Number of protein chains: 2
Amino acid sequence: MDNLTQQMAQAFDMAPIGMAVSNHRVLGVCNTFFAQMLGYDRRDLLGQSFRILYPSHAEFDRVRDIGLKTMEDHGSYSDERMMQRKDGVPVWCRFRARTLTPDDPLAHLVMSFAQIYDQVDGGQLTKREREVLSWLSRGQTSKEIGRELGLSPRTIEDVRARLLRKFEVKNTSELLSRMSYARPRG
Amino acid sequence: MDNLTQQMAQAFDMAPIGMAVSNHRVLGVCNTFFAQMLGYDRRDLLGQSFRILYPSHAEFDRVRDIGLKTMEDHGSYSDERMMQRKDGVPVWCRFRARTLTPDDPLAHLVMSFAQIYDQVDGGQLTKREREVLSWLSRGQTSKEIGRELGLSPRTIEDVRARLLRKFEVKNTSELLSRMSYARPRG
DNA sequence: ATCATATACGGTATCAATACCGTATAAACA
DNA sequence: TGTTTATACGGTATTGATACCGTATATGAT
């Protein structure tokens, strides 16, 4: 038994970030962090479809398509996405993937999932809040987001204000940098 | 030979993020991404001190101390830090660590390193730019940063403008969300 | 030596962000 | 049934951000 192989396997399991391997969207291996982040026992996830980790079938289909072309071209892909914990609570992650089979990217994928923010005390974000947040991270102004969503810029400012309150930050810059990783609160 | 162990080891090696294990600040194992990110051949890193991956001895000592207490208390720690590539080019990373030995955190560490931004074409960031960036990510205004660094707010605005140009983004929000992970350019 | 760039600073103009004031509706909840 | 919260919108006032105009010094590269 190769000692190096065992060390690497242990490092995978104990990594401070969620990791998983999938074959055609079926979970092969995952590590402890990944299972814990999503509220499962690690053994219950083996052989399961990734479908159960997404809030809806539509979202499950959407995330399949968005990175495909990038992975065919570059072998890897990254985005921010919403996962669903076992108890239904959404978890926002920085998702990274590398395919070991560029011709058929989904055949063999190695993925990492970095939880983006801690649970906001008590409540999660509403759909509107997540929607606005994702436009904000592209640098869009309230006016632009309003046009995009068919709403008054004033309404977008309301959503922004709620986001700032929930995360206890003083402006959008601090909000967006806080989104990049889970930080101890306070 | 355990098949699961081998799969986990392969996942470690092919992960789309830098990973490494250290014992008392000496590198045990690392994966392909980690070695590539820092410009080394993976075999050259085994058994090396982490010292060579930091720009100075002072920085090497600093990063040892800042997470120690948090790791003793929580077993894990995360920050943003500057690493140094083999050719001397600085690499900014989201650093995450979990200790397997909470009593003596540095005895056995599993770490992940997510590169925060791609090389800005041609040039890296200057010290001043990085310095201002780190204050921006805490939501500080130009006026506040100016006070902090003993400079005119006007000068901070110049540095901001350079940052926006270098990253080809249109405002600070987009800049800070771009900082959170390496993204294909363009 | 010239050129480019980073640094540092001043002014001014415009737009965006934030924080308030207010109203109103709908859903969730005790 | 009242209370809270999210949603959506209007106005207004203040502060911040960004983009220009300009000058000046220092440094490093060609």
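If you're wondering where the values come from, they're calculated on a predicted model, not measured in any experiment. Chain letters run A, B, ... following the sequence lines, proteins first and then strands; every chain starts at 1.
The two residues A/N171 and B/G139 come nearest to each other via the heavy atoms ND2-O, 2.8 Å.
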>> In dot-bracket form, 5' to 3', how is DNA chain C paired? Count Watson-Crick and G-U wobble pairs only if both distances fall under 3.5 Å, and write | where the partner sits on another strand.
In response: ||||||||||||||||||||||||||||||

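Screening residues 102-114 of chain A for salt bridge (charged side-chain N to carboxylate O under 4.0 Å, His left out) gives no qualifying pairs among residues at least two apart or on separate chains.
Applying the side-chain hydrogen bond (donor to acceptor under 3.5 Å, both in side chains) test to A/S112 and every residue at least two apart in sequence or in another chain returns nothing. Contacts of A/R160 classified as salt bridge (charged side-chain N to carboxylate O under 4.0 Å, His left out), with partners at least two apart in sequence or in another chain: none. Applying the side-chain hydrogen bond (donor to acceptor under 3.5 Å, both in side chains) test to B/S134 and every residue at least two apart in sequence or in another chain returns nothing. Take B/E129 and apply the side-chain hydrogen bond (donor to acceptor under 3.5 Å, both in side chains) test, not counting sequence neighbours, and it matches B/T126, B/R162, B/K166. Residues satisfying the side-chain hydrogen bond (donor to acceptor under 3.5 Å, both in side chains) criterion with B/D61, sequence neighbours excluded, are absent altogether. Partners of B/F113 under the ring-ring contact (aromatic ring centres under 6.0 Å, His included) rule, at least two apart in sequence or in another chain, are B/F34, B/F95.
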Dump every N/O contact between nucleotides 21-28 of chain D and the protein below 3.5 Å, one line per pair.
none

For nucleotides 15-17 of chain D, which of its nitrogen or oxygen atoms have a protein nitrogen or oxygen under 3.5 Å away, and what is each distance?
residue, atom, partner, partner atom, Å
D/dG16, OP2, B/K143, NZ, 2.9
D/dA17, OP1, B/R160, NH1, 3.4
D/dA17, OP1, B/R160, NH2, 3.3
D/dA17, OP2, B/S142, N, 3.3

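Summarising the geometry, atom CG belonging to B/L109 is positioned 5.5 Å from atom CE belonging to B/M111; distances are rounded to the nearest 0.5 Å. Distance check, rounded to the nearest 0.5 Å: CG of B/D44 to CZ of B/R42 gives 11.0 Å. Note that the CG atom of B/L163 and the CG atom of B/D158 stand 11.0 Å from one another [nearest 0.5 Å].
Between A/R165 and C/dA19 there is no side-chain polar atom (N or O) within less than 4.0 angstrom of OP1 or OP2. Of the side-chain N and O atoms in B/K166, one or more sit less than 4.0 angstrom from OP1 or OP2 of C/dA6. Distances shown here put a side-chain N or O of B/T155 below 4.0 Å from the OP1 or OP2 atom of C/dC9.
Residues of residues 144-153 of chain B having a heavy atom closer than 4.0 Å to DNA chain C, listed by number: B/L151, B/S152.
Between the P atom of D/dA8 and the NZ atom of A/K127 lies a distance of 11 Å, rounded to the nearest Å. D/dA6 atom P lies 16 Å from atom CD of A/E131, rounded to whole Å. Between the CD1 atom of A/I156 and the P atom of D/dC9 there is a distance of 8 Å, rounded to whole Å. One interatomic measurement links the two molecules: CG of B/L163 to P of C/dT5, which rounds to 16 Å at whole-angstrom precision.
For A/K170, the NZ atom is densely surrounded, since the number of other residues' heavy atoms within 6.0 Å is greater than 12.
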Determine all donor-acceptor pairs shorter than 3.5 Å in which one atom belongs to a side chain in residues 47-55 of chain B; sequence neighbours excluded.
residue, atom, partner, partner atom, Å
B/S49, OG, B/R51, N, 3.0
B/R51, NE, B/H57, ND1, 3.3
B/R51, NH1, B/Y54, O, 2.9
B/Y54, OH, B/R81, NH1, 2.7

